[in-house]
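Just follow the structure's listing: the first ligand is 1, and inside any ligand the first atom is 1.
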Amino acid sequence: MTAYRYYTATSLDGFLADEHDSLDWLLSQPTGEHSILPYGEFIAGIGAIITGRTTFDWVLAHDGVVDGAWVFTQLTFLFTHRGLDAPREGVTVVSGPPAGHRAAIEAAAAGRDVWIVGGGDLAAECARSGMLDEIFVSIAPVTLGAGRPLLGGRFDLELREHGTNGALLEVRFAVLGERT
Ligand SMILES: NC(=O)c1ccc[n+]([C@@H]2O[C@H](COP(=O)([O-])OP(=O)(O)OC[C@H]3O[C@@H](n4cnc5c(N)ncnc54)[C@H](OP(=O)(O)O)[C@@H]3O)[C@@H](O)[C@H]2O)c1
């Protein structure tokens, strides 16, 4: 069965990025040789990707484009109210509640999992629709004071696993449901 997984990194005070969408505070952290969930292992199990517009634009601007394609090879569902300048292979532009696109997302995933790349409000929208099973977060030893929130809502989680990777604390949670 397809699982929805939010694999991300945060500052200790719960921000995905600072208010200028910078990730310098994260990218400057030393990582180690070991992770409880190495990226290569994680991405091998992913069949489709969900992303918000700010994250999508950030990745294009910073990681660049690989052979004219979205940097991720998996089929990508881009949530935005704005169109793209030109169609991109493998990218489907959608809007509105994630639940309305669930069938298409799971068809694209073809039995593998879905990576919710971010941001935090979209991940929360997914969670409220029952489309968030797991959060894997790398916590950087820094506070930012303000920025883009990790998760825009109130949810009960259950600790499943934790470890360290260089300067980062890695934690894996199961999402139990919305907190009323
Ligand atoms: N630390 C990490 O590992 C990590 C991971 C992921 C992201 N990031 C960073 O964190 C920041 C996240 O940015 P963000 O908080 O602005 O979140 P985002 O989800 O990337 O972008 C938010 C935008 O996506 C569109 N959107 C979201 N949900 C939608 C929906 N249901 N229907 C239609 N459009 C929807 C809207 O854009 P429009 O209305 O303008 O179209 C909204 O303003 C970025 O800087 C990103 O690079 C960091």
Residues in salt bridge (Lys or Arg N to Asp or Glu O under 4.0 Å) with Arg128, at least two apart?
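Testing Arg128 for salt bridge (Lys or Arg N to Asp or Glu O under 4.0 Å), a comparison that skips the adjacent residues, returns none.
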Applying salt bridge (charged side-chain N to carboxylate O under 4.0 Å, His left out), which residue pairs with at least one partner in residues 41-53 are found, sequence neighbours left out?
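Non-adjacent pairs meeting salt bridge (charged side-chain N to carboxylate O under 4.0 Å, His left out): Arg53-Asp57.
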Give the cluster check for Val117 versus Leu26: same hydrophobic cluster or not, with ILVMFWY residues linked at side-chain heavy-atom distances below 4.5 Å.
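Cluster IDs for Val117 and Leu26 match.
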Are Trp115 and Phe42 near enough that their ring centres are under 6.0 Å apart?
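Judged by ring-centre distance (under 6.0 Å), Trp115 and Phe42 do meet the cut-off.
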Sequence neighbours left out, what passes side chain to side chain contact (heavy atoms under 4.5 Å, CB included) with Arg160? Give chain and number order.
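If we apply the side chain to side chain contact (heavy atoms under 4.5 Å, CB included) test to Arg160, skipping adjacent residues, the hits are Glu158, Arg172, Ala174.
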Judged by modelled atom types alone, do Thr164 and Glu170 share a side-chain donor-acceptor pair under 3.5 Å?
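Note: Thr164 and Glu170 side chains miss the donor-acceptor criterion.
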Return the protein residues near ligand 1 (heavy atom under 4.0 Å from any of its atoms), ordered by chain and residue number.
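Contacting ligand 1 under 4.0 Å are Thr8, Ala9, Leu16, Ala17, Asp21, Leu23, Leu26, Gly52, Arg53, Thr54, Thr55, Trp58, Phe79, Thr80, His81, Arg82, Ser95, Gly96, Val117, Gly118, Gly119, Leu122, Glu125, Arg148.
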